[in-house]
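A short worksheet on the structure shown next.
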Number of protein chains: 2
Amino acid sequence: MPTVTTATGAPSGSRSLPHPAREDIRLADVLHALADPMRLRIVCALAAAEGELNCADIELPVSKSTCTHHFRVLREHGVIQQIYRGTAKMNGLRRADLEELFPGLIDGVLRAAGLQERRLGEQ
Amino acid sequence: MPTVTTATGAPSGSRSLPHPAREDIRLADVLHALADPMRLRIVCALAAAEGELNCADIELPVSKSTCTHHFRVLREHGVIQQIYRGTAKMNGLRRADLEELFPGLIDGVLRAAGLQERRLGEQ
DNA sequence: ATCGTAGTTTGACATTCACCGTACTACGAC
DNA sequence: GTCGTAGTACGGTGAATGTCAAACTACGAT
């Protein structure tokens, strides 16, 4: 048998990743996704790099599988979008969708994260 | 032996509740505290009522003990402050502290919650 | 002193979470 | 084809979470 069939029947060769539609994104889910230091770092890094980053560009003090886990949480809760680009997986903030649903929220969180880092770093 | 001694040695008759100092409040903790539909409702209610509310003023579809739990999470993570006033326990948002640490954050969350409620309610 | 009201505490339970290591898959380059 | 690299999937572990019911405590009113 070929090794190609995926459980979901999705075509192999264009690995697709499920993203919630904009209208299915919930505030509590977004907050939950952001309520983890690791994921907060990821989101800050994505925001800082205006464009897309691959997973390895953000070095985190956790294992590869844990890293995958955090990126998936962010994607499934609607905070980032991920697409395969060759062998890499590029990640980007869903700024437009989040801004439309919860205007100002992400910027507020990012700003708060920056302020806290400065405060704790210099103390 | 009298029944009055509390485990912590706190004087009975002025039941005291531990609150984190402002500088100990962490963004991830605040987001985590807000990342629950029940607690979001509590916070919205407290924000709407400019002053203090006792626990029972916010009716939630959960048991009394679960309610206690959620209020404690909010307090221990620095989102609300609670004080005993006779037989009632009054709750208030720690607006000033949060505003100083994370300016605009709470308002952003509250606004997002309002927008989402309107969006989901009318659809 | 007794009672009702408001909220706590405890213990339990099912679920979820963050984390890991190992085995695996998909892709590009050689 | 074969190999290396990037990331996934699986299985597991210990801790935290949201929930409840039942017994309890503190306070004010009667």
Side-chain angles (χ1 to χ4, degrees), chain A residues 1-18 28-29 31-42 52-77 80-91, chain B residues 1-8 10-18 26 28-29 31-42 52-77 80-91:
Chain A
M1 67 190 78
T3 57
V4 195
T5 46
T6 62
T8 64
S12 150
S14 70
R15 294 181 274 173
S16 68
L17 295 161
D29 289 339
L31 293 176
H32 171 244
L34 297 174
D36 178 278
M38 249 18 113
R39 294 196 287 264
L40 216 38
R41 281 168 66 164
I42 294 175
E52 292 174 326
L53 290 179
N54 86 39
C55 294
D57 287 341
I58 306 162
E59 102 273 345
L60 297 173
V62 293
S63 76
K64 247 194 325 176
S65 31
T66 303
C67 202
T68 297
H69 160 70
H70 286 306
F71 276 100
R72 184 177 35 194
V73 169
L74 287 170
R75 169 172 46 84
E76 290 179 344
H77 290 4
I80 68 174
Q81 90 255 7
Q82 304 185 285
I83 56 158
Y84 283 104
R85 185 108 64 214
T87 178
K89 184 151 92 171
M90 304 310 288
N91 305 278
Chain B
M1 70 188 81
T3 56
V4 194
T5 47
T6 62
T8 64
S12 149
S14 70
R15 293 181 273 174
S16 70
L17 295 161
R26 292 291 169 274
D29 289 339
L31 293 176
H32 172 243
L34 297 173
D36 177 278
M38 245 24 110
R39 293 196 288 262
L40 216 38
R41 282 167 66 164
I42 294 174
E52 292 173 325
L53 290 179
N54 85 39
C55 295
D57 287 342
I58 305 163
E59 101 273 342
L60 298 173
V62 292
S63 76
K64 249 193 322 176
S65 31
T66 302
C67 202
T68 297
H69 161 70
H70 286 307
F71 276 101
R72 185 178 34 194
V73 170
L74 287 170
R75 169 172 45 83
E76 290 179 344
H77 290 4
I80 67 173
Q81 90 255 6
Q82 304 186 284
I83 56 158
Y84 283 106
R85 187 109 62 216
T87 179
K89 182 151 93 173
M90 304 310 287
N91 305 277

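Reminder, nothing fancy here: chain letters follow the sequence lines and each chain counts from 1.
Atom CD1 of A:Ile80 is separated from atom P of D:dG7 by 12 Å (rounded to the nearest Å). Spacing between atom CG of A:Leu31 and atom C1' of D:dT17 amounts to 17 Å, rounded to whole angstrom units. C:dA18 atom C1' lies 13 Å from atom CG of A:Leu60, rounded to whole Å. In this structure, B:Leu53 atom CG and C:dG7 atom P are separated by 11 Å, rounded to whole Å. Rounding to whole angstrom units, CZ of residue A:Arg75 and C1' of D:dG7 are separated by 12 Å. Look at CZ on B:Phe71: it is 12 Å from C1' on C:dA6, rounded to the nearest Å. Atom pair B:His77:NE2 and D:dT17:P shows a separation of 6 Å (rounding to whole Å applied). Atom pair B:Arg39:CZ and D:dG18:P shows a separation of 4 Å (rounding to whole Å applied).
Taken to the nearest 0.5 Å, the CG atom of A:Leu31 stands 6.5 Å off from the CG atom of B:Leu40. Considering CG of A:Asn54 and CD of A:Glu52, their distance stands at 10.0 Å, rounded to 0.5 Å. A:Asp36 contributes atom CG, which lies 10.5 Å from atom CZ of A:Arg41 (distance to the nearest 0.5 angstrom). Between the CG atom of A:Leu17 and the CD atom of A:Glu76 there is a distance of 9.5 Å, given to the nearest 0.5 Å.
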Just do the side-chain hydrogen bond (donor to acceptor under 3.5 Å, both in side chains) check on A:Ser63 and A:Thr66 with the steps written out, would you?
-> CA-CA 5 Å; A:Ser63 76; A:Thr66 303; 3.1 Å; yes
After noting the C-alpha distance and the side-chain angles of A:Phe71 and A:Ile58, does the key distance pass the side-chain contact (heavy atoms from CB on, under 4.5 Å) rule?
-> CA-CA 11 Å; A:Phe71 276 100; A:Ile58 306 162; 4.0 Å; yes
A:His32/A:His77 under ring pair (Phe, Tyr, Trp, His ring centres under 6.0 Å): CA gap, chis, key distance, verdict | CA-CA 8 Å; A:His32 171 244; A:His77 290 4; 5.6 Å; yes
Please write out the pairs of protein N or O atoms and N or O atoms of nucleotides 28-30 of chain C separated by less than 3.5 Å, giving the distance to one decimal.
none

N/O-N/O pairs, protein side and nucleotides 21-24 of chain D side, under 3.5 Å:
| unit_1 | atom_1 | unit_2 | atom_2 | d |
| --- | --- | --- | --- | --- |
| D:dA21 | N7 | B:Ser65 | OG | 3.3 |
| D:dA21 | N6 | B:Ser65 | OG | 2.9 |

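Residues passing the side-chain hydrogen bond (donor to acceptor under 3.5 Å, both in side chains) test with A:Gln82, sequence neighbours excluded: A:Arg75, A:Asn91.
B:Arg39 contributes a side-chain N or O that, together with a main-chain N or O of B:Ala33, makes up a donor-acceptor pair within less than 3.5 Å.
The shortest distance between the side-chain N/O atoms of B:Asn54 and the OP1/OP2 oxygens of C:dG7 is below 4.0 Å. Of the side-chain N and O atoms in A:His32, none sit less than 4.0 angstrom from OP1 or OP2 of D:dT17.
Taking only side-chain atoms of B:Thr68, from C-beta outward, the nucleotide of C:dT9, C:dC19, D:dG7 with the closest atom is C:dT9. The listed nucleotides are C:dC20, C:dA18, D:dT19; the one nearest the side chain of B:His70 is D:dT19.
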